[in-house]
Amino acid sequence: MSKKINLFANLKSDFASGLVVFLVALPLCLGIAMASGAPLFSGIIAGVVGGLVVGYLSQSHISVSGPAAGLTAIILTAITDFGAFDVFLMSVFIAGLIQLGLGFLKAGSISNYFPTNVIEGMLAGIGVIIILKQLPHAFGYDADFEGDQAFVQDNGDNTFSSLFEIFNHIQLGAVIITAISLIILISWDRVPFLKKIKLVPGALIAVVSGIILNEVFIQSGSNLAISKSHLVSLPVPTSLEEFKAIIITPNFSAIANPKVWVTGITIAIVASIETLLCIEAADRMDVQKRYTNTNVELKAQGVGNIISSLLGGLPMTSVVVRSSANNNAGAKSKMSTIIHGSLLLLSVLAIPVLLNKIPLATLATILILVGYKLAKPATFVHFWEKGKYQFIPFVATLIAVVATDLLKGVMLGMIISIIFILRGNLKRAYSFKKEEYVDGDVIHIDLAQEVSFLNKAAIKSTLNAIPENSSVIINAHDTVYIAHDILDLISEFTETRAKEENIKVKLKGFKEAYDLENSPESANHVSLEHYYDVAKRKIIKKESI
C-alpha cells in the first residue's frame, strides 16, 4: 500500500514554487496555443487541468503538466485538416482514452530503459534551447512565440539566426528590465537575508519590478516604454457570452472519422513518450530521489486529456521547462503543481488586465536561469570524467535535441548507447590469449557466460586469424548460454580449416569433452551432432576435462 501524502506539509515552499511555475506557465500556455492555431484560452485550460487534475492524480512530486511545444505541429496540421476545433477535440478525447488504457496495460515501465546519460543529455539540450530561444525576448525581439523549441521557426528564422537578428531589434527598455530582473533573481538566491524570505519568490519580485518600471516609462512618455506587443497577451472577455464561448466541447459525431482516430493515436503515442521522458527527468532532478509510478502517470495524463478535451483545452504532457522551474523554485511536493493550476484559473478570471502588463523580457530572464541550471558546465564535466561511452551519447542527445526535437534527440542518444553496449558485449564475449610453448603456439579462447549471435563476427575473425600448425583451446567452463550460430561456427572450423591447416583444437567445458587433437573422422562427426543438440537446448553444462 502506498504511503498517504500530506499535501499541506510543505505549503510555504510549495506555494512559492507554484507561484514561480504559474508565472512561467502563463506565457507558455498562450504561446503554444497561438502556434497550434487553436483558441488562446485552450492553452490556459490545458494548463489549469494539468495543474489541478493531473497534479492531483499523479504520484510525481516535481513534474508539471500542460500544453507542450512538441505537439504544436501535430495540432496545427490536425486543426487545418479538420477545419473545426471541436472535431480536433474529439481526437484529444480519444488520445486520453488510449493513454488511460496504456496505464492499465503497464506500458509506463518502458521508461526504466532510458539511460541516465541520455536523460541528462535531453535536459541539457532543453536547457540550451531555453537560453537560445529566450535571449531574443530578453533584448525585446519577440518574433518567435513563447515556448517554441523547434530549430526552424515559423517566421523563417532558426534558433541561431534569431540571435543575429537581436542586433536589429534591440529595445533599450527591455534590456534595462532584463538586467534588473537578473540582478533581483541572482541576489534572491545569494544574499543571506533575502534567502530567508521563502514565501516571496525572487521571480515574483522581478515580475512586479518589471511591471512597475515599464509603467514608469509609459507614464513619463519615455521611449524606453515597452509596447503591448512585447507584453503578455491574455484575452480579456468583455461579456458573459464571450466567457461562455471559451468552453468548446468535442464533436462526438466525428468519432466515425478515421482521420480523427489517426490523430488521436498519434497524440497518445507522442504525448506518452514525452511524458515518460519528462517523468524520468523530473525524478532525476528531485533532491529527495523519489520515484514516480509511470503507469499511474499515464493514467493521470489520460484522465487529464479527457477532461481537457471536454472543456475545450489542448492536449498536454509532462513538460520539462515547467518541471525544471518547479524544482529550481524549491518545490517539495505535488501541491506546488496544484497551486500553479489554481493560480492560472484564478488569474485569468480575476486579473487578466494586470497579467497583460508583464514584460516578456522579465519572464525570459526567469527562463534563462532555468535553462542555465539544466545545462550548467558541471554536468558536462561530470560526463566527461565518466569516459567516452557516457560522454558521447550525452553530447549527441544534447546536440540532436537542439537541432531537431526532443524525441529525435533521445532516439539518437538511445541508438548510440545501444551501439556502445553491443560493442562492449562483443568485446566481452571471449578472451584471447597466446602463450609460447616449446612445441609451438597454444592459443586460448575463453568464452564468456553468454555468447550470442552478435558475437559471431568477432569470433569468426579470431578463428580466421589463427595460424597454421598451431594449437587452440576453446574453453566454455563459464558459459551458460551459447547461440546456435556460434556452435556452427566452431564445428565448421574444426571440421574444415583445422584439418586442412593442421590446427589442433581442444574443447573444454562443453557438455561432453572432445579432444579433437589428432582425432579421427568420426570424432568430428559426433561433435557436430552434439553442437546441434546443445544449441537446441541453449544450455551448455560446465564439465571439466
Side-chain angles (χ1 to χ4, degrees), residues 115 386-393 415-545:
K386 282 193 168 186
K388 62 182 180 181
Y389 293 120
Q390 289 293 314
F391 184 73
I392 292 175
I415 291 171
I416 293 175
S417 294
I418 291 170
I419 290 173
F420 282 167
I421 290 170
L422 294 178
R423 188 169 183 270
N425 285 340
L426 290 179
K427 287 185 174 182
R428 290 190 292 270
Y430 63 94
S431 62
F432 177 80
K433 297 183 294 184
K434 289 179 72 173
E435 297 175 3
E436 290 291 335
Y437 282 78
V438 176
D439 56 347
D441 286 342
V442 177
I443 301 172
H444 294 262
I445 300 176
D446 299 326
L447 300 182
Q449 191 173 24
E450 293 188 7
V451 186
S452 72
F453 73 94
L454 297 171
N455 309 120
K456 181 178 179 180
I459 294 177
K460 185 176 183 180
S461 176
T462 298
L463 293 176
N464 286 339
I466 292 173
E468 296 181 7
N469 304 315
S470 59
S471 298
V472 181
I473 297 176
I474 303 176
N475 185 1
H477 273 303
D478 296 326
T479 306
V480 294
Y481 167 79
I482 187 166
H484 184 284
D485 288 359
I486 306 300
L487 294 170
D488 266 352
L489 188 64
I490 294 172
S491 181
E492 289 168 4
F493 174 76
T494 58
E495 290 182 10
T496 56
R497 184 164 172 262
K499 293 195 317 183
E500 292 171 2
E501 300 183 5
N502 192 31
I503 299 173
K504 299 173 183 179
V505 181
K506 180 178 288 186
L507 304 182
K508 289 185 177 181
F510 291 85
K511 180 184 176 184
E512 297 176 15
Y514 291 96
D515 187 348
L516 301 185
E517 183 175 356
N518 300 319
S519 60
E521 292 278 334
S522 59
N524 284 324
H525 178 70
V526 173
S527 66
L528 179 61
E529 291 179 343
H530 163 65
Y531 291 146
Y532 276 101
D533 180 57
V534 173
K536 288 177 183 177
R537 276 173 282 150
K538 297 184 179 180
I539 295 177
I540 295 183
K541 296 180 181 178
K542 297 182 287 183
E543 292 184 7
S544 58
I545 295 178

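- Using a 4.5 Å cut-off on side-chain heavy atoms (C-beta onward), T494 and I474 make no contact.
- Residues that satisfy the side chain to side chain contact (heavy atoms under 4.5 Å, CB included) test with K388, not counting sequence neighbours, are I392.
- Counting heavy atoms from C-beta outward, F493 and L489 have side chains that stay 4.5 Å or more apart.
- Here the side chains of I445 and I459 are not in contact, with every heavy-atom distance at 4.5 Å or above.
- Atom CZ of R497 is separated from atom CD of E492 by 13.0 Å, given to the nearest 0.5 angstrom.
- Counting heavy atoms from C-beta on, the side chains of N475 and H444 never come closer than 4.5 Å.
- Considering only residues two or more places apart in sequence or on other chains, I415 meets the side chain to side chain contact (heavy atoms under 4.5 Å, CB included) condition with M411, I419.
- Remark: F391 pairs with W384 by the ring-ring contact (aromatic ring centres under 6.0 Å, His included) rule, at least two apart or across chains.
- For the residue pair A476 and L447, the shortest heavy atom distance occurs at CB-CD1, 4.2 Å.
- Atoms CD1 and CD1, on I443 and I466 in that order, are 5.0 Å from each other to the nearest 0.5 Å.
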